[in-house]
Amino acid sequence: MSSPQGRFADAAALLDGQVLTRAEAHGKHLFHTFGRDRVVHVHLGLYGTFDEGELPAPEPRGLLRLRFEGETHYADLRGPTACELLTRAEVAAIRDRLGPDPLRRDFDPDRVYQRISRSSSPLATLLMDQKVISGVGNVYRAELLFRHHLDPQTSGKALDKGTWDAMAADLVVLMKDGVRKGRIDTVRPEDDPRRKGRPARRDRHGGEVYVYRRAGMPCHVCGTEVRTATHAARNLFWCPGCQQG
DNA sequence: GGCTTATGCGCAG
DNA sequence: TGCGCCTAAGCCA
């Protein structure tokens with residue numbers, strides 16, 4: 001580990017040359033343990049990225065916040081919202097306020113359902129609330145609601161347990177697939193537009209999706225124009241034809 | 001080169 | 001509810 005700069009420089013002297021002993025993710029929060037118990041908390045936010053490559057690593061250029069070096073490869077962190085050295089108590093405080101994470105072995109869909117079913121907030125809000133469930137972002141929110149035919153404005157209270165169980169299982173599969181492939185694909189093979197002679201949509205989010213960022217384009221399933229609206233300061237996308245549940 | 005946009009989220013008011 | 005953080009890519013001129 002080397003090279004924190006700017007407002008992330010505080011931890012540099014304590015960490016430079018230390019060995020990474022553990023790396024863990026809870027939702028969108030990353031925890032890197034160095035040595036016995038020095039934990040660096042990283043949150044990528046909107047812009048953060050890790051750029052990986054084979055050694056030798058290039059000379060640090062621009063605002064490089066953190067560099068990991070292994071035997072053969074390096075990873076450079078740029079643009080994170082958070083990159084800070086935390087105490088155990090601070091790490092615990094962050095994790096205590098995070099809901100279950102579908103990518104973790106301890107994922108507990110029933111705990112998520114308890115919160116959803118008590119709330120009159122729309123599902124679009126609840127799925128983005130990291131206290132309710134962690135790790136689901138704007139893409140998975142839009143795509144999950146589509147795949148389960150749910151109007152994003154549906155109240156949490158109106159969601160039945162059976163539907164949630166199917167959604168939770170679906171999330172686990174979709175998110176694990178996303179980790180494996182490094183991109184988000186949510187379109188079932190039978191709905192794939194390439195099979196129907198329409199051009200596939202692929203952008204730097206990588207994958208094939210039903211509604212995310214497809215406003216004004218025809219739904220892959222019913223042809224209705226995909227709609228968009230600003231919901232709690234984030235872009236929400238849905239198909240009014242397919243999502244009436 | 002400038003402008004717009006974006007997978008998130010904490011904070012002020 | 002709106003702003004600020006902070007970076008890269010895509011688009012336009």
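Residue numbers start from 1 in every chain, and the chains themselves are labelled A, B, ... in the order their sequence lines are given, proteins ahead of strands. Just so it is clear, the values below take in all heavy atoms, side chains as well, and ignore hydrogens, waters and symmetry mates. Please read all numbers here as calculations on a predicted model, not as lab measurements.
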Measure from [atom1] on [X] to [atom2] on [N] and round the result to the nearest Å.
X        : N     : atom1 : atom2 : result
A:Leu46  : C:dG2 : CG    : P     : 17 Å
A:Met175 : B:dT7 : CE    : P     : 16 Å
A:Asp177 : B:dT7 : CG    : P     : 20 Å
A:Lys28  : B:dA6 : NZ    : C1'   : 13 Å
A:Arg213 : B:dT7 : CZ    : C1'   : 9 Å
A:Leu44  : B:dT7 : CG    : C1'   : 10 Å
A:Tyr140 : B:dT7 : OH    : C1'   : 10 Å
A:Leu174 : B:dT7 : CG    : C1'   : 15 Å

Could you check whether atom CZ of A:Arg180 has more than 12 heavy atoms from other residues, nucleotides or ligands sitting under 6.0 Å from it? yes
When you check the phosphate oxygens OP1 and OP2 of B:dA6, does a side-chain N or O of A:Asn138 lie under 4.0 Å from one of them? no
Verify the contact: side-chain N or O of A:Arg183 to OP1 or OP2 of B:dT7, cut-off strictly under 4.0 Å; return yes or no. no
Taking only residues two or more places apart in sequence or in another chain, which ones pass side chain to side chain contact (heavy atoms under 4.5 Å, CB included) with [X]?
X        : answer
A:Glu90  : A:Leu86, A:Thr87
A:Arg97  : A:His29, A:Ile94
A:Ala168 : A:Phe107, A:Pro109, A:Trp164

Lys/Arg N to Asp/Glu carboxylate O, A:Arg65 vs A:Glu84, below 4.0 Å: no
Between A:Arg22 and A:Phe34, is any pair of side-chain heavy atoms under 4.5 Å apart? no
Close approaches to DNA chain B from residues 124-131 of chain A, in residue order (heavy atom, under 4.0 Å): A:Met128, A:Gln130
Relative to each other, are the rings of A:His32 and A:Phe68 parallel, tilted or perpendicular (30° and 60° limits)? tilted
Qualifying side chain to side chain donor-acceptor pair (under 3.5 Å) pairs with a residue from residues 221-232 of chain A, counting only residues at least two apart or across chains: A:Thr125-A:His231
I'd like the C1' distance from C:dA9 over to B:dC9, given in whole Å. 22 Å
When you compare B:dG10 with C:dA8, how far apart are their C1' atoms, in angstrom units rounded to a whole number? 23 Å
Between C:dT7, B:dC9, B:dA6, spot the one nearest the side chain of A:Leu63, thanks. C:dT7
A:His43 has a side chain; which of B:dC9, B:dT7, C:dA8 sits nearest to it? B:dC9
Given DNA chain C, 5'-ward residue of the pair A:Thr49 and A:Ala233, judged by closest heavy atom: A:Ala233
Any luck finding a side-chain donor-acceptor pair between A:Asp151 and A:Thr154 under 3.5 Å? no
Does either side chain, that of A:Asn138 or that of A:Tyr212, offer a donor lying less than 3.5 Å from an acceptor on the other one? no
N/O-N/O pairs, protein side and nucleotides 10-13 of chain B side, under 3.5 Å:
residue : atom : partner : partner atom : Å
B:dG10  : OP1  : A:Arg97 : NH2          : 3.4

